[in-house]
Student: 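Please see the structure below; I have some questions.
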Amino acid sequence: MKRVVTLTVNGEQRQALAEPRVTLLELLRDGLGLTGSKEGCGDGNCGACTVLLNGRPVNSCLVLAVEVDGSDVFTIEGLARSGALHPLQQAFIDHGGLQCGFCTPGLVMVAYALLQENPHPTEQEVRMAIAGNLCRCTGYDKVVRAVMAVG
Amino acid sequence: MKPFEYVAAGSLAEAVSHLDSAGPAARPLAGGTDLLPQMRYFRAHPPLVVDVKRIPELRQLSCVGEGLHIGAAVPLADIAAHPDVTRLYPAIAYSCSLVGSVQIRSRATLGGNLCNAAPSADTVPGLICLGAHAVVTGPAGRREIPVEEFNTDPGKTVLGTGELLVEVVVPPPPDRSAVSYLRFTPRQEMDIAVTGVASLLKFSEGGMVYQARIVMAAVGPTHLRARRAEGVLEGQRPTAELVSRAAEEAAGECQPISDVRASADYRRHLVGVLAGRTLLKSAEAQGIRV
């Protein structure tokens, strides 16, 4: 049976219908049209679906939509403000921290969460923070440099 | 995922009543990082999923006189960062910080790590060393079970139909004691222990080993105590020779299998290495030079 799920997405209150088996990622992509968050593995290994749930980074493929009723969700679509990229997004471009771009929304969101908690992380802290995000293009070095440039 | 019913329980009584009436296939949902992949890959087909994250008793994390109370639905990230846990139970904080990735630790819980009953679970060896017990509630009321006896086989626990883990209670660490946990993984993060060993050493005032606990992960159907190795240490003055003898004894006591992550022989070798290192680490934490 479908249920009404009410949540705040990127500061805006949204409502959608979801069966219990629908994940938060599916709700964002198919129910709310926010296709920035990607599905890579669907089981929590790749991090491409990372969003902030009540301020903390989570794999949105491992969260049921019905679990987040009343919660606050922040996605990659919420980062750029009035057309201007967030400094972290700009740093990924400046340092070549992406190639195909599929993992990028997840990496940016987990890096954003790290910088919220720890504004000046060491390289080791950045590497540990992004360990749950797979990237097959960059070899991670450029991603680390991009995050360090902002932190 | 196959369709299922979902209910978010607001109280222990409500959760137990739902789990009991839906039968043994119903599943409680805390962090979901194990359950949802199982459902996605059709390894679990619960007709009913009971979300237990809104039950106050399962959300508490407090350190009071009689020990540390870890609600079954508290995320690992909260436990690893809690100031009382890092100060009084550093091995517990450390083992919580080893599980999965940042994203996983935002959701995954210590209760789930225990109830999932993987012999490789990183949070369990330290709990057993410290003599922690699980508080369970169910249709027949409340009971307490030592963590050491909670898991009975891979994926199997002592929980009956309708029973729910409420919290894990860790007694205060004994005086002049230290606990440490070490594991071997090919990757530092996002990996499952090939083998892990935790140890507790409690010393007498004169610096003798008063009590030893050694618990091994991923080398048996459940976490295993290395009781003979503990016996080698107790009542003795800790020396490098004694520690190596205990480590060898532990390697002889484990019951590893060969699987995709390692051969049984390699796991046995790892027990010897990790047991020796964790014993030295526990001794060093008490200022005892071996």
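Order of the sequence lines fixes the chain letters, A, B, ..., with proteins taken first and strands second; residue numbering starts at 1 for each chain. Scope of the values below: all heavy atoms of this structure, side chains included, with no hydrogens, waters or symmetry mates. Model, not experiment: these values are computed from the prediction.
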Student: Name the region of A:V63, side chain, backbone, both or neither, that has any atom closer than 4.5 Å to a heavy atom of chain B.
Tutor: both
Student: Could you check whether B:K281 makes a cation-pi contact with B:Y94, meaning its NZ or CZ is under 6.0 Å from the centre of the six-membered ring and within 45° of the ring axis?
Tutor: yes
Student: Any Lys/Arg nitrogen of B:R277 or B:E284 sitting under 4.0 Å from an Asp/Glu carboxylate oxygen of the other?
Tutor: no
Student: Could you tell me which portion of A:N54 (side chain, backbone, both or neither) has an atom closer than 4.5 angstrom to a non-hydrogen atom of chain B?
Tutor: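 Neither; nothing under 4.5 Å.
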Student: Would you kindly say whether A:Q124 and A:T122 are connected by a side-chain donor-acceptor distance under 3.5 Å?
Tutor: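 Result is no, nothing qualifies.
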Student: Check B:R40 with A:E39, please: is the shortest side-chain N to carboxylate O separation under 4.0 Å?
Tutor: yes
Student: Please determine whether a side-chain nitrogen of the Lys or Arg among A:D141 and A:R127 lies less than 4.0 Å from a carboxylate oxygen of the Asp or Glu.
Tutor: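 Salt bridge present between A:D141 and A:R127.
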Student: B:K53 versus chain A, heavy atoms under 4.5 Å apart: side chain, backbone, both or neither?
Tutor: side chain
Student: Using non-hydrogen atoms and a 4.5 Å limit, figure out which bit of B:L35 sits close to chain A: side chain, backbone, both or neither.
Tutor: neither
Student: Before accepting this row, confirm whether a basic side-chain N of the pair B:D122/B:R183 lies closer than 4.0 Å to the acidic partner's carboxylate O.
Tutor: yes
Student: Using a cut-off of under 4.5 Å for heavy-atom pairs, which of A:N45, A:L64, A:T23 has the most such pairs with chain B?
Tutor: A:L64
Student: Is A:V110 close to chain B through its backbone or its side chain, or both, or neither, when contacts mean heavy atoms under 4.5 Å?
Tutor: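 The side chain, not the backbone.
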Student: Would you call the rings of A:Y112 and A:F74 parallel, tilted or perpendicular if under 30° counts as parallel and over 60° as perpendicular?
Tutor: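 If you compare the ring of A:Y112 with that of A:F74, the planes turn out tilted.
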Student: Can you tell me which portion of A:R3 sits under 4.5 Å from chain B's heavy atoms? Options are side chain, backbone, both or neither.
Tutor: side chain
Student: Is A:E67 in contact with chain B via its backbone, its side chain, both, or neither, using a 4.5 Å heavy-atom distance?
Tutor: both
Student: Measure A:I130 against the heavy atoms of chain B and call it side chain, backbone, both or neither at under 4.5 Å.
Tutor: neither
Student: Quick check on A:C49 against chain B: is it the side chain, the backbone, both or neither that has a heavy atom closer than 4.5 Å?
Tutor: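 A:C49 has no heavy atom closer than 4.5 Å to chain B.
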Student: Going by distance alone, is a donor N or O of one side chain under 3.5 Å from an acceptor N or O of the other, for B:S199 and B:S282?
Tutor: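 Short answer, yes.
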Student: Looking only at heavy atoms and a cut-off of under 4.5 Å, which of B:P37, B:S101, B:A8, B:S106 has the most pairs with chain A?
Tutor: B:S106
